[in-house]
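Reading through the structure tokens given below for one structure.
Hydrogens, waters and symmetry mates are skipped; everything else that's a heavy atom, side chains included, is used. These figures come from a predicted structure and were not determined experimentally.
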2 protein chains.
Amino acid sequence: MTGGKPRASGRVSLAQAEDHSLDAFLQLMRVQQKLQRQMERVLDGAGLTLPQFDVLANLGMVEGITQQELAERLLVTKGNVCGLLDRMEAAELVQRRPDPKDRRANRLYLTRVGRAALQAAFPTHLGVVQECMSVLSGAEQRTLAQLLGRLDVGD
Amino acid sequence: MTGGKPRASGRVSLAQAEDHSLDAFLQLMRVQQKLQRQMERVLDGAGLTLPQFDVLANLGMVEGITQQELAERLLVTKGNVCGLLDRMEAAELVQRRPDPKDRRANRLYLTRVGRAALQAAFPTHLGVVQECMSVLSGAEQRTLAQLLGRLDVGD
DNA sequence: TATTGTTATACTCTATAACTATA
DNA sequence: TATAGTTATAGAGTATAACAATA
């Protein structure tokens, strides 16, 4: 966001205590946007949107969760998930099954088609990710993941 | 994306050469999503969407650019920018002025209202950013910005 | 009363592609 | 021919809020 790749200011400073929060934030938004667009292009070939791929990837890891649980994982509202699932169920990618123990809830499962779509899309997705991240060393990638992980708290 | 906060695997490894690209990628997508939602909530109080704030912030830095230049900065299409500007012009936030030297082009300017909106929203925005990023030291923020900057290259 | 899911509403953003005017 | 901008089309995703069924 706030376009234009941030660059180092001309003024060199020796101080460690400077605030770089805005730099980091802008760069984060910008890089994510680029990566997201790229992922969308890749997934488009598989007929999937990014949120749909996220649903598949989540169910690939933890099948049988409820819609509410999925909503929490995706960081969206339950109404949102409902529409998302409507479209994906129409595309035969996922299946809602009533929970026998709690008749309010649905348990979510991949269909055969959904599993195939995930298995087809994931390697390509991973390949693109690895290629994008390959400008960083493994250690740098780890550092990046750790720093981001520290930001991934609360709320 | 692909919900569930990634965590260190139980298996401890001494190798430096491991690939952490997916970890970093997932964490990047996830953190950005959280930050974006938070920014949207903040901006909603000012009646702005995130893309609209981006337009204001860009024009605040480099007024007089063309729609095409703005599209490139925002990493979106020109058709997209056109609609965005339609809404923002209707809200009196920005103004299109025909370029006298190139009668195909428009030059973009903030209105008084747009400038006021930017000046009102920016400090709050910055405050939220600083608060979010405050779990990292200044040096860590710098490292994060630098690592991300390395990822921010050609498409 | 609280929770799960659904529905209704509404809007922004996004892309693609065809089109106009100008360079 | 190429570029700047517009328009038309289309759809997904998102939120909010009110509603139903169940716990």
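- Nucleotide C:dT12 holds its P atom 12 Å from the CE atom of B:Met88, rounded to whole Å.
- Phosphate contact (OP1/OP2 of D:dA15, side-chain N/O of A:Thr77, threshold under 4.0 Å): present.
- With hydrogens and angles ignored, the 3.5 Å screen pairs a side-chain donor or acceptor of A:Arg150 with a backbone N or O of B:Val135.
- In this structure, A:Glu72 places its CD atom 11 Å from C1' of C:dT4, rounding to the nearest Å.
- Taking the six-membered ring where the residue is Trp, A:Phe25 and B:His125 present perpendicular rings, their angle passing 60° and hence far from 30°.
- One side chain, A:Gln67 or A:Arg96, offers a donor N or O that lies under 3.5 Å from an acceptor on the other.
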Spell out protein contact along nucleotides 7-13 of chain D as letters: B when the base is contacted, S when just the sugar-phosphate is, - when no protein heavy atom is under 4.0 Å; keep the 5' to 3' order. B----SS
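- Counting to the nearest Å, the C1' atom of C:dT4 and the CG atom of A:Leu85 are 13 Å from each other.
- A donor-acceptor contact closer than 3.5 angstrom links the side chains of B:Asp152 and A:Gln27.
- With hydrophobic clusters built from ILVMFWY side chains whose heavy atoms lie under 4.5 angstrom apart, A:Tyr109 does not share a cluster with A:Met61.
- Exactly one residue among B:Gln95, B:Met88, B:Glu89 makes a side-chain contact (heavy atoms from CB on, under 4.5 Å) with B:Thr111. That residue is B:Gln95.
- From B:Arg30, atom CZ reaches atom CG of A:Leu151 across 12.5 Å, with rounding to the nearest 0.5 Å.
- The separation between B:Gln36 atom CD and C:dT12 atom P is 16 Å, rounded to whole Å.
- Contacts between residues 90-122 of chain B and DNA chain C, counted as heavy-atom distances below 4.0 Å, involve B:Asp102, B:Arg103, B:Arg104.
- Under the 4.5 Å side-chain heavy-atom criterion for Ile, Leu, Val, Met, Phe, Trp and Tyr, A:Leu26 and B:Leu75 are members of distinct hydrophobic clusters.
- At whole-Å resolution of the value, CD1 in B:Ile65 and C1' in D:dG5 are 15 Å apart.
- Following rounding to the nearest Å, B:Arg37 (CZ) and C:dC13 (C1') show an atom-to-atom distance of 13 Å.
- Within the structure, salt bridge (charged side-chain N to carboxylate O under 4.0 Å, His left out) contacts touching residues 109-132 of chain B (residues at least two apart or in different chains) are B:Glu63-B:Arg115.
- Distance A:Leu70 CG to C:dT4 P: 13 Å, rounded to the nearest Å.
- Taking atom CG of B:Leu75 as the reference point, atom P of C:dC13 lies 15 Å away to the nearest angstrom.
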